[in-house]
Protein chains: 2
Amino acid sequence: MQDGNALAVRLDDGLDEDKASGSREKGLNRVLQILEFLHATQRAIGIGDLAKAVSAPRSTTYTLVRSLVDAGLLEMAGDGNRVYFGKKLYLYGMDYVRGNDLLRRGRQEVDNLSRETGETSELCMLQSGRYTIVHSSPGTRPFRISSATGLQIPLPWTASGRLLLAGFERAVIEDMVSEDDLVLPDGRRLLLDDFIADIATSGAAGYCVTSGLVDAYTKCLAAPVFSAPGKVEATICLVVPIDTSGEKTDDLIAMLRERAARLSITG
Amino acid sequence: MQDGNALAVRLDDGLDEDKASGSREKGLNRVLQILEFLHATQRAIGIGDLAKAVSAPRSTTYTLVRSLVDAGLLEMAGDGNRVYFGKKLYLYGMDYVRGNDLLRRGRQEVDNLSRETGETSELCMLQSGRYTIVHSSPGTRPFRISSATGLQIPLPWTASGRLLLAGFERAVIEDMVSEDDLVLPDGRRLLLDDFIADIATSGAAGYCVTSGLVDAYTKCLAAPVFSAPGKVEATICLVVPIDTSGEKTDDLIAMLRERAARLSITG
DNA sequence: AGTATCTGTCTTGTATAGAGTACATGTGTC
DNA sequence: GACACATGTACTCTATACAAGACAGATACT
């Protein structure tokens with residue numbers, strides 16, 4: 001592996017990584033970076049490469065990985081000297097689901113929706129200032145739009161993003177959305193003001209539709225799930241072909257809004 | 001802190017906790033203890049209480065929890081100043097499932113089994129030297145035997161435990177099984193030699209049945225899932241009423257073994 | 001009012017965890 | 001065989017992360 005950068009991934013987001021560089025770094029932070037990196041790459045990696053990837057000293061990485069493997073948060077992957085997430089993280093994740101009504105019911109509802117409509121359906125939330133697909137159910141189309149659970153996408157690219165930011169101060173939104181986030185995959189550039197206006201109208205309307213934003217062939221319908229009046233905790237959304245008729249789209253939106261309302265906690 | 005033990009939970013297992021006590025402790029270890037404690041208690045807890053529970057200084061606990069909350073591994077629970085597992089752990093857990101064929105297929109198979117037989121079915125694995133219920137599907141009996149995912153039970157109490165230890169050295173087994181583990185819930189005491197003999201016969205037979213071990217009313221049927229010839233990676237098991245007829249038991253065992261074989265990777 | 005017990009933040013000294021470096025071992029290539 | 005480049009472990013040295021304690025603000029009970 002001469003290039004080694006085949007694994008290059010955006011890490012410099014949630015945790016501000018590099019700072020003054022050369023300096024000594026807290027072990028816990030290194031661990032958080034390791035986990036974040038594994039989440040981004042979605043595959044097992046050798047310890048040496050891992051050290052490079054999170055730009056940590058090799059010796060440190062070895063000791064940290066040993067701790068994590070002993071604790072079961074990481075596991076040595078089958079073929080020898082690679083590590084990936086471990087069973088413990090799965091167990092903790094299940095604990096989270098159990099303690100979180102919204103997630104549990106939301107997953108169920110999303111599965112139902114995709115089965116009933118045949119379209120890809122997703123449950124989305126804000127995760128440390130970023131849009132995250134928390135659960136996704138594929139739908140039955142021959143060429144289905146796949147998007148992995150846990151994928152993080154810039155907020156302005158999505159319908160759900162517009163709903164999730166409802167009620168936030170302008171300053172907070174500016175903080176969450178980087179310049180890069182405003183550039184769509186096809187190179188087009190959104191204006192921050194337009195985006196903020198979209199947020200307001202979507203919030204008022206109680207749903208949001210975006211067409212051809214992340215790609216040219218799909219349209220995204222989303223409805224907000226409230227954890228308290230005015231507070232959007234999550235969204236459920238459907239990804240449909242962009243040429244879906246207006247009538248059908250309206251039906252799906254109505255369906256989506258009804259399900260979202262059922263999931264909401266109307267305190 | 002004279003009492004404070006309302007929250008006392010067995011923590012002194014995987015990680016050897018107390019050691020020389022008064023001494024300074026690595027932040028990462030404290031974090032691992034915190035996660036383990038939350039997993040054991042299965043509920044949100046105040047930061048002050050958390051500090052007591054893992055016997056860490058309050059100030060340290062505050063900083064660690066802040067880091068973990070910022071990273072999304074923990075979340076402040078709804079009502080104010082309590083913490084519990086966060087979304088990130090769920091996402092990491094899903095990554096684990098995705099990267100782990102056996103777990104993914106095993107969950108599926110267990111769900112099928114419990115639907116087809118109506119009995120409680122479980123997927124079990126060794127997790128840092130302890131028996132762990134990795135996935136469990138309830139079955140349809142009016143009074144069903146419930147056992148939570150992630151629950152850890154002494155190996156000698158279970159049929160799966162006997163299969164999971166197949167092929168291990170006697171010394172290793174002695175190391176994994178404490179004196180307490182040999183005492184059943186009703187007070188009866190198993191002999192280590194008998195247990196080790198059970199392991200051998202179960203391994204040879206390719207299945208294991210235990211009756212009335214954890215409680216007087218149930219019988220546990222288990223079959224091994226292999227990750228390589230001779231290496232037991234997991235078990236699938238059925239929990240049935242103790243008075244299930246011999247004939248029906250035999251049928252279920254045959255079914256179980258067939259499913260387990262299908263899950264196995266026969267290198 | 002006074003007392004007691006929380007929570008959350010901040011500051012300071014020092015034990016120690018992390019960084020750097022070296023070395024033994026393994027593997028592939030020329 | 002010599003070289004380049006991995007992995008995994010072991011060793012010091014010192015910058016700093018942890019621990020302890022003080023502090024202000026809440027809440028609660030007498």
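Letters go in sequence order (proteins before strands), and every chain restarts at 1. These numbers come from the heavy atoms of this one structure, side chains and all, not from hydrogens, waters or symmetry mates. Values in this document were obtained by computation on a predicted structure and should not be read as measured data.
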Rounded to whole Å, please give me the gap between [atom1] in [X] and [atom2] in [N].
{"X": "A:Leu28", "N": "C:dG18", "atom1": "CG", "atom2": "C1'", "value": "14 Å"}
{"X": "B:Asn29", "N": "D:dA17", "atom1": "CG", "atom2": "C1'", "value": "14 Å"}
{"X": "B:Arg30", "N": "C:dA15", "atom1": "CZ", "atom2": "C1'", "value": "14 Å"}
{"X": "A:Asn81", "N": "C:dT25", "atom1": "CG", "atom2": "P", "value": "19 Å"}
{"X": "B:Glu25", "N": "D:dA19", "atom1": "CD", "atom2": "C1'", "value": "12 Å"}
{"X": "B:Leu50", "N": "C:dC6", "atom1": "CG", "atom2": "P", "value": "15 Å"}
{"X": "A:Lys26", "N": "D:dA15", "atom1": "NZ", "atom2": "C1'", "value": "14 Å"}
{"X": "B:Ile45", "N": "C:dT7", "atom1": "CD1", "atom2": "C1'", "value": "14 Å"}

- Query: If we ignore angles and hydrogens, is there a donor and acceptor under 3.5 Å between the side chains of A:Gln127 and A:Thr132?
  - Reply: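 No, because no side-chain N or O of A:Gln127 sits under 3.5 Å from a partner of the opposite role on A:Thr132.
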- Message: For A:Ser178 and A:Asp181, which I'm curious about, is there any donor-acceptor pair between the side chains at under 3.5 Å?
- Response: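 The criterion, which ignores hydrogens and geometry beyond distance, is satisfied for A:Asp181 and A:Ser178.
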- Nearest-nucleotide wise, let me know which of A:Arg58 and A:Gly27 is further upstream toward the 5' end of DNA chain C.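 So the residue in question is A:Gly27.
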- Query: Does B:Arg170 pair with B:Glu174 as a salt bridge, N-O distance under 4.0 Å?
  - Reply: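 Salt bridge: yes.
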- D:dA15 base / A:Arg24 side chain donor-acceptor hit below 3.5 Å: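 Under the 3.5 Å cut-off, the side chain and the base do form a donor-acceptor pair.
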- Task: Using a 4.5 Å cut-off on heavy atoms from C-beta on, say whether the side chain of A:Val83 contacts that of A:Glu75.
- Result: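 No. Closest side-chain heavy atoms not under 4.5 Å.
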- Query: Taking side chain as C-beta onward, heavy atoms only, is A:Leu73 less than 4.5 Å from B:Leu35?
  - Reply: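 They are in side-chain contact.
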- Ring geometry between A:Tyr96 and B:Tyr90 (parallel below 30°, tilted from 30 to 60°, perpendicular above 60°):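 Aromatic pair B:Tyr90/A:Tyr96 classed tilted.
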- Message: For the CZ atom on B:Arg105, are there more than 12 heavy atoms of other groups (residues, nucleotides or ligands in this structure) within a distance under 6.0 Å?
- Response: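 More than 12 heavy atoms, drawn from other residues, nucleotides or ligands, come within 6.0 Å of this atom.
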- Nearest to the side chain of A:Ile47, which nucleotide is it out of C:dG18, C:dG8, D:dG8?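 Nearest nucleotide to the side chain: D:dG8.
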- Message: Contact list please: residues 59-68 of chain A against DNA chain C, heavy atoms, distance less than 4.0 Å, in numerical order.
- Response: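 Going residue by residue through residues 59-68 of chain A, the ones with a heavy atom under 4.0 Å of DNA chain C turn out to be A:Ser59, A:Thr60.
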